[in-house]
Each structure stands twice: as structure tokens, then as C-alpha cells.
Visitor: 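Structure below; questions to follow.
Reminder, nothing fancy here: chain letters follow the sequence lines and each chain counts from 1. Just so we're clear, the structure is a prediction, and the values are computed from it rather than from any experiment.
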Amino acid sequence: MKLTQRAARTYQYSAIFFAIVSLMLFNHPTIFLAPVFIILTLTLYIVKGVQKLKKLNEESFEVSMSIKPNILSINDKSRVRIHLESKLNDRLKIEVHAPLSEGLRIDSGETSWIGRLDRRDSIVFEFTVKVEKAGLLRVGPLQIVAKDDLELVCREIDSRISGIMYSFEEPVRARGIVASQVPVGFNYPGYILHPFIGVHEEYRESIQSDSLSLRSIDWRRTARTEGEEVYIKEYSRRRASDLIFGFGTGLDLDIPSFGNVLNWITQISISHALHYLREGSRVWILNYNNGKPVFIQLKLSYGELVSGKDSIPSGGILIYLSRLLDREELNFLEKYFENTRFKFNLLLIDLSDVVSRIVEEKIINHECERLRNVASKIQGSVEIVKLRDFSISLKRSLASK
Amino acid sequence: MRPSDILLGLLLLSPYLFTVYYILSKFTQIDYFTMFSFISLVTLVLSRYSSAILLSLMLVPSLICFGLFVMGIPYPLIGLAAGYIMSFPLYIILGAFHEKKIENIIISYLLSLTLNISILYASGQTTSLTSPDIIINLMVRIPRTIVGGGQLYIPPLVNDVFTILTATSGIALLFIVIRRQEPEFPRSSRELLPLILSAIIILLIAVISRVWMYSYIVIASSMLLLLICVSAILKIVT
């Protein structure tokens, strides 16, 4: 709880006036008593305001935020809608502010709402943001400031409500919610509706293994193309599962033609997750930040990512991407997930292919040796992945059961 | 504008209006230039700084008076200046009345109060007044007395009336400031409690420091009660 600027200024002005004019220039009672009267009255109203705001807490308000669309590309606009409902019996002056993360710019409307909230009343305000950066972006967490009637004292209330949006570098077609039939044209091998996949994993596997059963061919549909394209009765399967993407150490660096490696990897990972996962899937992002893990939960709902509750899953797939520069990193992971039923998949990122021109060969060899040593010590699924092959390795990890 | 707002406005301006009345009553003969400049400055602020008023009532007369001053007739310009000085506290408080920030209203009030009391001191130094006396007293005698550590004089009756009016004006100021934030103030008697409490404390301070005579404390308390009653009645009526 703290004084508002208004109260602080009034105190300052009255005190300065009292000091300069009353004590130094005139000793008339009115000059002496007027600032004292103002300060005293102000103090009493502040005490009254403190009493009123003291009982406020997180549960005094019900807040929700929706962002539509929240999967978009750079220069797209998204509409943010915030709903705040008071559960109090008093009326209050409220300021709600939604901070925007780097890469988001306000396009129309305002990110703040200031006004009076009557008892059991609710407010809704909307604004539009423009995306200027690719990656995972955030609106919030919402900052709520409650003030007394005279706006002399205010209290900040912590709100964990925030909205997540994800932006791509290039515009993408909207992902269908329902799995669709996969056309497999011989003229365009592997082409499917989804733009992220390019050559479809299942199709590629089926071609390579020559295990395409005649029974799986959709003859009727193939006949309509007069044999130019062959359709199979395969569906681009998506899995409904819990998935943690862990981003470990040694990735937050800039490399020519890739930009920031961590951002690039995050973008690729989420893009693929969006395709492979079915409705209702939950995705956590684990950021290993100097030994302080930060979890963000995302939920795939109606084709959108929504920010979920702060919880840790008890099972699913953990795909951990790292260079394992921190020795304690693995210990932490083992300790953290020892009581969970996770399928652990570690992708050790090898940057040697993309830094070969700018780094000495001796250092590259040392790094490769280090990664091999680390990988050999780890029990379980571990794979050293070159950055250029990352996309394929990730698909494999996601598709593996 | 609601009747309660008009009442509060009059109470807020009461010490200033009293000072003007007191000065004009001490004038041995009416100085039309002083009157004119006083009215022109107040009209300017009431008209929300109309350019027509500025041009017709201020710039043209000022230029004429300045021309007369150059030609060797200084009294119109001195009268004009005295009028402006007299109206300056009113000008400040009226100008600040529409301020959105309450801290600006309060500092303007305190500043105008200081100027007002200076003008009152300037008028209390002599038995009769002319326009040059106001300027000389304000610019020369009062600073000299303050620097020399002397005592400034106001007749006791004038002082007491002025003090009481300032007390009610202070309460009116806080009413106005609070109403600026909360137009329905006071919704209940509990909301007035801090204001009444601080008024009582100030009265006690006044008693202890003997700045007021005891008889006037009763009058001041009555004024406070009257103000609260009037506010409550207006609230019920409106």
C-alpha cells in the first residue's frame, strides 16, 4: 500500500509552504494553521482509505483475458479482451494495466483502464496489438491498482493473469482442428495441407519402407484423378498428450543466418507442436534459467494457445533441448522429474555446422568431444543434433511413441 | 451549478472578498482606475480568458495609461497597478478552480492566501488609503518590516473577521477538493468524520497556542457546524 502521487504532492506543497511562508515570513495564525489543517485532514482521509483497502486481496477480483487470434505472424493484429469483475461490497477506483512484452505494439485502444468499479460490478475493455517480432509473446501479467475514493492511497494487487500469443516469421495458413485426409500426389511427393511439414513424416516412412498396403489406397479418390495422383487412407495424426519443451543452457546466442538460436529453436518447436498435437493437448515450456526453472503452461484449445494454470504435469513427453553447459542441469532435471512418468528425450544441440566458418576448428572439435562425453554419461534417450537437422530430429521425437 | 457549489464557492472566496471590501472602504476617494483594473482582471478569468475581454478591458486601457504615464500623468497607471494587485489573489484562486489536479488547487490556494494577507497587511499600515499607498506598503514597508523583524499590524476586529473567514474558506476548499474526486460527497455522516476531527484538532491547537480569542473559537465552531448543516440540508434537498 502506498500514497498516490496526488497525496504525496499535496503533502510536499503544504509542508514547503508551511516551512517557508509560515515559519519565515508571516506569523499570522491563518497562514500557520491553513497548511496544518490541510495536512491533518489529508492524513485522516488516508487512514480511512488504508482501512478500506487493507481487506483487498487477489480473490477480491475475478479477472480473465482472451486474445484472438493468438497464433499469427509478424505484422498481424490481435484483439485482446480483458474482463474484470469485483467481488467486493464496496465501490473502488480501479486502474488495470496490461503490459506488453517486447515485440508487441499497441495498435488501437489502450492497454489501461481507469475508472470506478461499483460493488459486484464488472468491466470489459479491449485493445488491439500489432506483432513485430516472431516467437512467444506475452500480454500481462495484469497489474491491478485499487484506490480509495479520494485517490490518496493505492494498493497494487498481484494478478497472475496473462495471455500468450505465438507469432511466426512468415504468414501461415490456419491449422484445421479436425484431421483431414492426406493427398499423396506422385507429382508432388509428400505434399500435405499443412505448411510446416513439407514432406510428411508418415508418407516418407511409407515410401521408404515400401510397406504401402494396397488396402490403404483410396481407390475411388485416386480414380477421380485418372491415376495422376494416388490417395491413401492415412490421416495426419495428431496426439493428445502432455508435452514439456525444455530449453536449457548454451542456446541464448546469436549466429549469422539463424539469429538468436534460442528464439529460432523455440519457434520451430512450437510450430511443430501445433501440428502434431491434438485438441486439448497441453504444452509446458520449461526455461532452465541459471538453475531457476520457469514453467509456462500452454493449452491447445480450439486451435489457439491459451495460458493455463501454473501446474506441473505428472506424465507425458519431455523434450529437452540444450547444450548442457551447466553441470547441475542434469541433476536438476533428474530431481525434478523423478516422481513423474515422463518419456525423456534429450536433444543435445551441436552448433558446429553453423559456426564452422567463424570459429576455429580446434574449438569445434573440443565442443564435439564434450557433447559426446556428456551424451555417453546419460542413460536414456539422448541424441546429438546438428542445428540444420534440428527440425527433422524434433519431428521424429514428436512422432515417436 | 448546484446551490451547494455556489455556497462553497462563496465561502472559499470570502476572505478575498473581505480584503477587497476592507481596502476599498479605506479609500478616501474612489479610484476609478483601481476599480476598473480589478473588475477587468476578474472578468478575464471568469470569461475563461476571452480574447475580446483581454483586448478591450486590459490591453487598451493599459496602453492608454502607459501613454499618460509617459506624458507625465502617472496616477492612472498606479491606480491600474493597485487594482491588479488587489485582484491578484482572486485571480489565482479563480484560475486554479478548474484545475484537474487537486494538489495544484491547494498550492494555488495557499499562495493566494499569502498574497491576500500581504495585501491586508499593506492596507493596515495606514488609517486611510490611496492607490500609491497600497503599492508602497506592499513593495517597501512590509518587506522592510519582515527583514527588520518588526511586527506587522492589522486592526484586531479586521484580523478576527479575516481569521474566521479563512477558517471557513479552508473547510470549503477541502469540501471542493473532495467533491472534485467524489461528486456525491458526503454520502454519509461517516465521510465527514475526518474533516470534522481535523477541524476540532486545529481549534484545539489554536486554543493551546492562543492564536484566537476564546469567544471567536465558539464563533468558528458554529461556522463549522453551520457549514456541515448547510451541506447536509443541500444534500437532502438536491
Visitor: Quick one: of A/L44, A/L42, A/L152, A/V47, who has the most non-hydrogen atom pairs under 4.5 Å with chain B?
Guide: A/L44

Visitor: Is the shortest distance from a Lys or Arg side-chain nitrogen in B/R179 or B/D5 to a carboxylate oxygen in the other one below 4.0 Å?
Guide: yes

Visitor: Which atoms of B/L113 come close to chain A, meaning under 4.5 Å heavy atom to heavy atom: side chain ones, backbone ones, both, or neither?
Guide: both

Visitor: With no hydrogens and no angle check, do the side chains of B/T34 and B/S131 hold a donor and an acceptor under 3.5 Å apart?
Guide: yes

Visitor: For B/L197, is it the side chain, the backbone, both, or neither that has a heavy atom closer than 4.5 Å to a heavy atom of chain A?
Guide: both

Visitor: A/S60 and A/N57: side-chain donor and acceptor closer than 3.5 Å?
Guide: yes

Visitor: Heavy-atom cut-off 4.5 Å, strictly under: side chain, backbone, both or neither for B/L111 against chain A?
Guide: backbone

Visitor: Is there a donor-acceptor pair closer than 3.5 Å between any side-chain N or O of A/R81 and the backbone N or O of A/S66?
Guide: no

Visitor: Could you label the plane-to-plane angle of the B/Y22 and B/F18 rings as parallel, tilted or perpendicular, counting under 30° as parallel and over 60° as perpendicular?
Guide: parallel

Visitor: Tell me the closest heavy-atom pair linking A/L104 and A/R138, and the distance in Å.
Guide: CD1-O, 3.7 Å

Visitor: Can a donor-acceptor pair be found between the side chains of A/Y11 and A/T43 at a distance below 3.5 Å?
Guide: yes

Visitor: What residues of residues 123-133 of chain A make heavy-atom contacts with chain B at a cutoff under 4.5 angstrom?
Guide: none

Visitor: Could you look at B/I178 and say if it's the side chain, the backbone, both or neither that has a heavy atom under 4.5 Å from chain A?
Guide: both

Visitor: Heavy atoms only, distances under 4.5 angstrom: which of B/I106, B/T114, B/T166 has the most pairs with chain A? Name it, please.
Guide: B/T114

Visitor: So what's closer than 4.5 Å to chain A heavy atoms on B/L110: side chain, backbone, both or neither?
Guide: both

Visitor: For A/S14, is it the side chain, the backbone, both or neither that has a heavy atom under 4.5 Å from a heavy atom of chain B?
Guide: both

Visitor: Looking at B/E99 and B/R180, is any side-chain nitrogen of the basic one under 4.0 Å from a carboxylate oxygen of the acidic one?
Guide: no

Visitor: More than 12 heavy atoms of other residues, nucleotides or ligands under 6.0 Å from CZ of B/F88: yes or no?
Guide: no

Visitor: Hey, is A/K52 close enough to A/D149 for a salt bridge, meaning N to O under 4.0 Å?
Guide: yes

